[in-house]
Amino acid sequence: MTLSHDRLTKTLSVPFRYYECIGSTNDAALDWLEHDAPVGALVIADEQFAGRGRRGKSWQTPPGTALALSVILCPGARWLSRVTMLGGLAVCELAESLGCEDVSIKWPNDVQIAGKKVSGILCEATWSGERLCGAVLGIGINVRTDFQGSELAATATSLESAVGARLDRAQLAGDLTNRILHWQRRIETDALFDNWRSRLNVLGQLVNAGGVAGKALDVTADGALLVIDEFGEQHTSHVGELAPLARAGKIQ
Ligand code: BTN
């Protein structure tokens with residue numbers, strides 16, 4: 001089913017702006033945020049030609065293949081790091097509700113199915129001095145992309161490949177938004193953090209987190225990764241790309 005304003009009107013319970021083609025839904029949402037967007041408002045596009053990923057990477061969204069959406073939220077500043085958490089959690093729940101198995105989060109916030117990335121999350125915020133004006137939770141989900149035979153075949157997957165059936169992106173957008181709003185109302189709770197933490201597939205693994213090689217011990221309440229290196233020194237990684245260590249077993 002094609003994504004359209006009419007279809008989304010039937011599945012979304014929040015104010016939304018739909019674009020057939022846009023640079024980045026995060027940019028449009030940040031702009032809307034500056035012009036008094038209501039909490040929970042959504043920007044969604046069929047195609048994105050200048051989508052942003054984490055750490056300055058681009059995020060391609062060809063037409064007819066994916067979900068590219070951004071939700072406007074206004075958490076208290078101390079809860080900002082939980083916005084990405086709740087996004088990852090909502091995507092996991094969405095995938096599981098479709099029958100997907102082996103759904104997990106690769107820290108900090110890639111959602112994987114059987115170890116392959118199905119979704120990426122980019123949260124951006126605007127500030128007025130010390131005051132947080134709002135946050136934009138940008139989520140990209142591979143829905144229909146067929147990675148077979150591509151250079152990403154070993155690392156990426158899509159919902160339809162995992163489910164083995166055709167999916168309705170408007171319905172997915174509605175379900176996902178409802179899950180985001182559910183967790184946004186519980187942003188201060190242990191339930192959110194515990195649920196997110198329990199889905200991390202990195203704890204206990206040997207990793208290289210932003211240049212620090214060691215064993216991933218735990219995460220802090222604000223989502224940072226605690227890594228202990230081979231000399232027993234503990235490091236806190238707030239941002240970073242997680243690379244598995246080729247040689248396992250060095251650090252116990
Ligand atoms: C990543 O894994 O690097 C994060 C990717 C985030 C992509 C989404 S698609 C919707 C929203 N708009 C953007 O420009 N980026 C996010």
Side-chain angles (χ1 to χ4, degrees), residues 12-14 39-40 42 54 67 69-125 132 134-143 157-159 162-163 167 171-205 207 209 215-227 236-242 244:
L12 291 174
S13 56
V14 293
V39 174
L42 178 83
R54 292 178 59 246
L67 273 185
L69 56 84
S70 304
V71 185
I72 294 164
L73 300 173
C74 293
R78 63 178 291 216
W79 304 111
L80 183 57
S81 62
R82 292 204 167 188
V83 173
T84 38
M85 287 182 198
L86 74 86
L89 183 50
V91 174
C92 285
E93 290 181 340
L94 177 72
E96 286 166 355
S97 74
L98 298 167
C100 295
E101 292 177 359
D102 195 3
V103 182
S104 63
I105 296 174
K106 179 184 173 194
W107 184 89
N109 232 347
D110 284 353
V111 177
Q112 297 186 325
I113 298 176
K116 295 183 181 183
K117 180 164 176 169
V118 71
S119 170
I121 292 168
L122 177 68
C123 175
E124 298 181 294
L132 177 66
V136 164
L137 171 61
I139 301 182
I141 303 182
N142 305 324
V143 177
T157 190
S158 68
L159 279 182
V163 172
L167 298 170
Q171 192 62 56
L172 295 177
D175 290 351
L176 180 64
T177 311
N178 289 342
R179 287 170 201 280
I180 289 169
L181 296 181
H182 167 90
W183 285 113
Q184 173 257 323
R185 288 190 291 272
R186 292 161 180 78
I187 198 163
E188 301 180 11
T189 63
D190 290 345
L192 168 58
F193 177 75
D194 294 345
N195 212 324
W196 174 77
R197 182 182 175 281
S198 72
R199 291 167 187 275
L200 294 173
N201 56 23
V202 70
L203 301 184
Q205 304 291 314
V207 294
K215 183 171 169 178
L217 285 183
D218 207 347
V219 277
T220 63
D222 64 352
L225 188 67
L226 298 175
V227 176
T236 307
S237 184
H238 284 274
V239 284
E241 211 58 55
L242 209 56

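The first residue in the sequence is number 1, and the count goes up from there. Computed over heavy atoms, backbone and side chain alike; hydrogens, waters and symmetry mates excluded.
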Asker: Would you confirm whether Trp107, through its side chain, and Gly223, through its main-chain N or O, come within 3.5 Å as a donor-acceptor pair?
Answerer: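 Such a contact is found between Trp107 side chain and Gly223 backbone.
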Asker: Of all the heavy-atom pairs spanning Gly40 and Val71, show the shortest one and how long it is.
Answerer: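 Scanning both residues, the minimum pair turns out to be O-CG1, 4.0 Å.
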Asker: Name all residues meeting the side-chain contact (heavy atoms from CB on, under 4.5 Å) criterion together with Ala191; count only those two or more places apart in sequence or in a different chain, and write none if there are none.
Answerer: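 Partners of Ala191 by the side-chain contact (heavy atoms from CB on, under 4.5 Å) criterion, ordered by chain and then number, come out as Trp183, Thr189.
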Asker: Just so I know, are the side chains of Val111 and Ile141 near enough to count as touching, which here means a heavy-atom distance under 4.5 Å?
Answerer: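 They are not in side-chain contact.
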Asker: In Å and rounded to the nearest 0.5 Å, what is the CG to OG distance from Leu181 to Ser13?
Answerer: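 Taking CG in Leu181 and OG in Ser13, the distance rounds to 6.5 Å.
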Asker: List the atom of Ile121, the atom of Gly88, and the distance in Å for their closest heavy-atom pair.
Answerer: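 Shortest heavy-atom separation between Ile121 and Gly88 comes out as CD1-N, 3.2 Å.
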Asker: Okay, side chain of Arg82, backbone of Ile187: is any donor-acceptor separation there less than 3.5 Å?
Answerer: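 Present.
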Asker: If the condition is salt bridge (Lys or Arg N to Asp or Glu O under 4.0 Å), which residues does Lys117 pass it with, not counting sequence neighbours?
Answerer: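 Only Asp110 meet the salt bridge (Lys or Arg N to Asp or Glu O under 4.0 Å) criterion with Lys117.
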Asker: Looking at every heavy atom in both Lys106 and Asn201, which two are closest together, and how far apart are they?
Answerer: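 Nearest heavy atoms, Lys106 then Asn201: CA-OD1, 3.5 Å.
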Asker: List for me each residue that meets side chain to side chain donor-acceptor pair (under 3.5 Å) alongside Thr236, sequence neighbours excluded, and say none if there are none.
Answerer: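 If we apply the side chain to side chain donor-acceptor pair (under 3.5 Å) test to Thr236, skipping adjacent residues, there are no hits.
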Asker: Applying side-chain contact (heavy atoms from CB on, under 4.5 Å), name anything that partners Asp222, two or more places apart in sequence or on another chain.
Answerer: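 So Asp222 forms a side-chain contact (heavy atoms from CB on, under 4.5 Å) with Ser81, Thr220, Ala224, His238.
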Asker: Which heavy atom of Arg54 sits nearest to which heavy atom of Pro108, and what is that distance?
Answerer: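 Heavy-atom minimum between the residues: NH2-CG, 3.3 Å.
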Asker: Once you round to the nearest 0.5 Å, how far does CH2 of Trp196 lie from OG1 of Thr84?
Answerer: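 Going from CH2 on Trp196 over to OG1 on Thr84, the span is 7.5 Å.
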Asker: So how far is it from Thr177 OG1 to His182 NE2, rounded to the nearest 0.5 Å?
Answerer: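 Those atoms lie 14.0 Å apart.
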Asker: Tell me, which pairs form a salt bridge (Lys or Arg N to Asp or Glu O under 4.0 Å) where one or both residues lie in residues 173-186, sequence neighbours left out?
Answerer: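 For residues 173-186: Glu93-Arg179.
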Asker: Ala173: which residues meet the side-chain contact (heavy atoms from CB on, under 4.5 Å) condition with it, sequence neighbours left out?
Answerer: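 Counting only residues at least two positions away or on another chain, Ala173 forms a side-chain contact (heavy atoms from CB on, under 4.5 Å) with Leu8, Leu12, Ile44, Leu67, Leu69.
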Asker: Please identify each residue that fulfils side chain to side chain donor-acceptor pair (under 3.5 Å) with Ser70, with sequence neighbours left out.
Answerer: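 With neighbours one apart ignored, the set is Thr25, Asn26.
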Asker: State, with a plain yes or no, whether a side-chain heavy atom of Asn142 is found less than 4.5 Å away from one of Thr157.
Answerer: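 When only atoms from C-beta onward are counted, Thr157 and Asn142 do not touch, as no gap falls below 4.5 Å.
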Asker: For Ala77, check side-chain contact (heavy atoms from CB on, under 4.5 Å) against everything at least two apart and list the hits.
Answerer: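 Ala77 satisfies side-chain contact (heavy atoms from CB on, under 4.5 Å) with Trp127, Leu132 only.
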Asker: For the residue pair Asp218 and Arg197, establish whether any side-chain heavy-atom pair is separated by less than 4.5 Å.
Answerer: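 Sidechains of Arg197 and Asp218: in contact.
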Asker: Within this structure, what is the CG-NZ distance for the pair Leu226 and Lys215, rounded to the nearest 0.5 Å?
Answerer: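 One gets 13.5 Å once the value is rounded to the nearest 0.5 Å.
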Asker: For Ser158, what residues pass the side chain to side chain donor-acceptor pair (under 3.5 Å) criterion, not counting sequence neighbours?
Answerer: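 Here the qualifying residues are Ser161.
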Asker: Run the side chain to side chain donor-acceptor pair (under 3.5 Å) test against Asn109 and tell me which residues pass, sequence neighbours left out.
Answerer: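 Per chain and number, Asn109 pairs via side chain to side chain donor-acceptor pair (under 3.5 Å) with no residue.
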Asker: Considering all heavy atoms of both residues, which atom of Ile105 and which atom of Leu89 are nearest to each other, and what is their separation?
Answerer: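 Of all heavy-atom pairs spanning Ile105 and Leu89, the closest is CD1-N, 4.2 Å.
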Asker: Evaluate Leu172 against Leu98 for side-chain contact (heavy atoms from CB on, under 4.5 Å), listing each step before the verdict.
Answerer: CA-CA 10 Å; Leu172 295 177; Leu98 298 167; 3.8 Å; yes
Asker: Looking at side-chain heavy atoms only, is the closest gap between Val83 and Pro75 below 4.5 Å?
Answerer: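 In contact.
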Asker: Taking it one step at a time, do Leu225 and Leu200 satisfy side-chain contact (heavy atoms from CB on, under 4.5 Å)?
Answerer: CA-CA 11 Å; Leu225 188 67; Leu200 294 173; 5.8 Å; no
Asker: Please give me the minimum heavy-atom distance between Cys123 and Leu80, naming the atom from each residue.
Answerer: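 What the structure gives for the nearest pair is SG-CD1, 4.4 Å.
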Asker: Quick one: list whatever passes salt bridge (Lys or Arg N to Asp or Glu O under 4.0 Å) with Glu188, sequence neighbours left out.
Answerer: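 With sequence neighbours excluded, Glu188 shows a salt bridge (Lys or Arg N to Asp or Glu O under 4.0 Å) to no residue whatsoever.
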Asker: Please examine the side chains of Gln184 and Leu137, heavy atoms only from C-beta on, and report whether any two atoms are closer than 4.5 Å.
Answerer: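 SC-SC contact between Leu137 and Gln184 ruled out.
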